[in-house]
Number of protein chains: 4
Amino acid sequence: MRRRLQTEKLDQRREEILDASERIFARKGYHAAGIADIADELGLGHGTFYRYFKNKHDIALQVFDRVMMRFTAIGLEEDPTASNSIEEYRAQTIRILHRWLALAEERPHLLRFFHEQTVAVDMDRLAHVIEAYTLQTARFLQNGIDKAFLRADLDVRNTAEVLVALIFEGTRRALGMPDAEARRRWVAAGVNLMFDGIRPR
Amino acid sequence: MRRRLQTEKLDQRREEILDASERIFARKGYHAAGIADIADELGLGHGTFYRYFKNKHDIALQVFDRVMMRFTAIGLEEDPTASNSIEEYRAQTIRILHRWLALAEERPHLLRFFHEQTVAVDMDRLAHVIEAYTLQTARFLQNGIDKAFLRADLDVRNTAEVLVALIFEGTRRALGMPDAEARRRWVAAGVNLMFDGIRPR
Amino acid sequence: MRRRLQTEKLDQRREEILDASERIFARKGYHAAGIADIADELGLGHGTFYRYFKNKHDIALQVFDRVMMRFTAIGLEEDPTASNSIEEYRAQTIRILHRWLALAEERPHLLRFFHEQTVAVDMDRLAHVIEAYTLQTARFLQNGIDKAFLRADLDVRNTAEVLVALIFEGTRRALGMPDAEARRRWVAAGVNLMFDGIRPR
Amino acid sequence: MRRRLQTEKLDQRREEILDASERIFARKGYHAAGIADIADELGLGHGTFYRYFKNKHDIALQVFDRVMMRFTAIGLEEDPTASNSIEEYRAQTIRILHRWLALAEERPHLLRFFHEQTVAVDMDRLAHVIEAYTLQTARFLQNGIDKAFLRADLDVRNTAEVLVALIFEGTRRALGMPDAEARRRWVAAGVNLMFDGIRPR
DNA sequence: AATGAATGAGACTTCATTCAT
DNA sequence: CATGAATGAAGTCTCATTCAT
């Protein structure tokens, strides 16, 4: 029991360091961020790091993973078979995107990781996250085809990839936008394109 | 004439260094790349750089600009008012995308710059390129609306942004693909989404 | 208390580095002296410097200031109004000069700073020290005139400057002399000149 | 004869480079001055130097020697035995000092060499010049003693050294002064001190 | 004889990591 | 466990000097 408390305390400190690193990495980028910066952010000695993380790259990796997990959770917690009509799927899509936006608005620095930290961490790591997201998106599309509310001739795999690309790059842009209203219009334009394309009906 | 030859030779050396730097930066990223790496690539002394470029950042900037220019040229050399029907526009779009792919296939490392060098060079520089591309895309869309072969209710500005996001992120993915055939399928899926969306007609 | 001890230790190390730098700068001059030389002198890693001093120029400045302070202290700690007769002033002058000599003999490298480090550090810094010394000397002269043991027609300001020039340049020469006896004769010749000139009485 | 012309032309170029180097060294100091600066000053390629001078240090040495020679000439061209009275010697002294000032005023950069280039060139070289000057000054003093217009108990050698120190350091100061009038007053104060000291008669 | 492109030794500086306290 | 002083590898940049043209 004593041991358990000890461990919890350690885990808490570990978490604090991860939080601080997340902020610092987002603010300055991997290379410009120094271990000292993170230490200062917490008022710790920088030697203390090395009790919790092997080295700078190790911290970066874990920060990256944690950020990724937050975003992937949003997509993965939706049931790909829940929608039974195009309207439901459209609503579900918008719901997911708005959750992304909400997370990004709440923690504006998070999204920098998708794109700027790619060099620092394993390229493979990001590829893995993207693959998971693509598969999930494909499940949504397949569900629509099965239930005949999406075009039967859809190239599921590639279209899923296109959509994921759109989501990732889109959210990056979203952060540069001045206000929530602009972001919502952007999402609307994206969803319209996704569902109806640019050709007149 | 003597002077002219001299200058040409210098320009050639300058070009060689830019070429080598492009390769090295693409291979290792800005931070990991050392001046020495670039020097070795050419079999030159590293001091030679500083006869042609002020410092490391200066080289990075110029490499970045050169790469950008190649890609932007592709989009900007097409006439946004050339298409008079949806079929023509579709063909034009596919033509542009295939030119991007061709360039990317020919020089596989180029596209890394769009996304990984953003920290190294001015963020503004990339923003500027993207803005130019977005405006050009908007012209294409407006042309289609004017000639009634695109949906009249299109949010031109935001849709243009969405499409540019799609192109930039899409081409990045394209590089990770195994073969040209896969890339072509990806482009097809993208173009289909762009023109017709996922809803059945 | 713990903190206090820590700080003292740091200050001590800072002082050691200043001492070593003083020796090295005096031995080789600012430009020829490398950070590595100073590090070696102390058996430290050269990185250790940068924990105590911003950069090479910063060290030079502080060494220079410290050396200056030692010499200026000698002149400034005497009371310019203490002497009431020419004999007393002569004695006071000799006392000051012998203190300079003693300091120079004790630390033979110190005086090089007055003349050889001028380029490295701010020219203004030396000018400031000299001005302070000149003013102090002028006070001595004025005291003598007021008490009528010095010539009434003395150009106080300019004569003070001449004397300071003599002291500074003179002490530099003193260092090149073989023995203490030679130095004392030099000082005697200087003081004789100062008080009585070369014209017979 | 052809050979002679050739040689003259070379000597002329050599002289030009020495002139330019003198200006540049005086302006920036030995270390900060680059071979390129001197080359630019003349509109020459910097490789051309190495046809005339072995290396940077070699140029510095020769520039230094040339500058020294100009100043020493002033003192050495006067006859130490010419004066037969204290008034004549005083006039002679003032004449020499005013020639120094005139040279310094005409070429304001020259005097920097006495003091700031000491590190760059051999310390011995300057010592040699100073020794020559001291000997000459001693001859003047001895002449005065022999002819009984100077104090018989003068320590000739040391007083000569003191006077030379005064001249060298004094002229340095003179350069920092705002106008010719200020310089003249300084010289007057110096000469008064030299002849009569500060004690009232 | 003149040039200036190329060179590389050498100097400075940073910062991730270690380890004695 | 925490600390932060010490370290030195690694990287950038300068500039005197050489040498092919």
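Protein chains get the first letters and strands the later ones, always in sequence-line order, with residue 1 at the start of each. Only heavy atoms go into these numbers, but all of them, side chains included; no hydrogens, no water, no symmetry mates. All of these numbers come straight from a predicted model, not from anything done at the bench.
- Residue D:Ala33 is classed as a sugar-phosphate contact, given heavy-atom separations below 4.0 Å to backbone atoms only.
- Side-chain contact check for C:Arg107 versus C:Glu22: some heavy-atom pair is nearer than 4.5 Å.
- Below 30°, between 30° and 60°, or above 60°: for B:Tyr30 and B:His57 the angle between ring planes is above 60°, a perpendicular geometry.
- A donor-acceptor contact shorter than 3.5 Å links the side chain of A:Lys56 to the backbone of A:Ala33.
- Stem analysis of DNA chain F (Watson-Crick or G-U pairs, both distances under 3.5 Å, runs of at least three) returns E:2-21 with F:2-21.
- Near DNA chain E, meaning a heavy atom under 4.0 Å from it, residues 46-56 of chain C has C:His46, C:Tyr50, C:Asn55, C:Lys56 in order of number.
- Contact annotation: the side chain of C:Ile38 never approaches that of C:His46 to less than 4.5 Å [non-hydrogen atoms, C-beta and beyond].
- When rounded to the nearest whole Å, the span between CD1 of B:Ile59 and P of F:dG11 equals 15 Å.
- Looking at A:Asp37, its side chain does come within 3.5 Å of a backbone N or O of A:Gly34 through a donor-acceptor pair.
- Rounded to an integer number of Å, the gap from NZ of C:Lys28 to P of E:dG10 is 12 Å.
- The shortest distance between the side-chain N/O atoms of D:Arg13 and the OP1/OP2 oxygens of E:dA2 is below 4.0 Å.
- The distance between atom CD of C:Gln12 and atom C1' of F:dA6, rounded to the nearest whole Å, is 15 Å.
- For the pair D:Ile17 CD1 and E:dA1 P, the computed distance is 13 Å after rounding to whole Å.
- In the region residues 34-44 of chain C, proximity to DNA chain E at under 4.0 angstrom, judged on heavy atoms, holds for C:Gly34, C:Ile35.
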TODO: Assess whether salt bridge (charged side-chain N to carboxylate O under 4.0 Å, His left out) is satisfied between D:Asp19 and D:Arg66, documenting all intermediate values.
DONE: CA-CA 10 Å; D:Asp19 289 342; D:Arg66 239 181 35 155; 2.7 Å; yes
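- With rounding to the nearest 0.5 Å, the separation of CD in B:Glu16 from OH in B:Tyr52 is 8.5 Å.
- At whole-Å resolution of the value, NE2 in D:His31 and P in E:dG10 are 15 Å apart.
- Once rounded to the nearest 0.5 Å, the distance linking CZ of A:Phe49 with CZ of A:Arg14 reads 11.0 Å.
- You'll find the side chain of D:Arg27 reaches within 4.5 Å of the side chain of D:Glu41, heavy atoms only.
- Distance check, rounded to the nearest 0.5 Å: CD1 of D:Ile35 to CD1 of D:Ile17 gives 9.5 Å.
- Panel note: side chain C:Thr48, backbone C:Leu44; no donor-acceptor pair is recorded below 3.5 Å.
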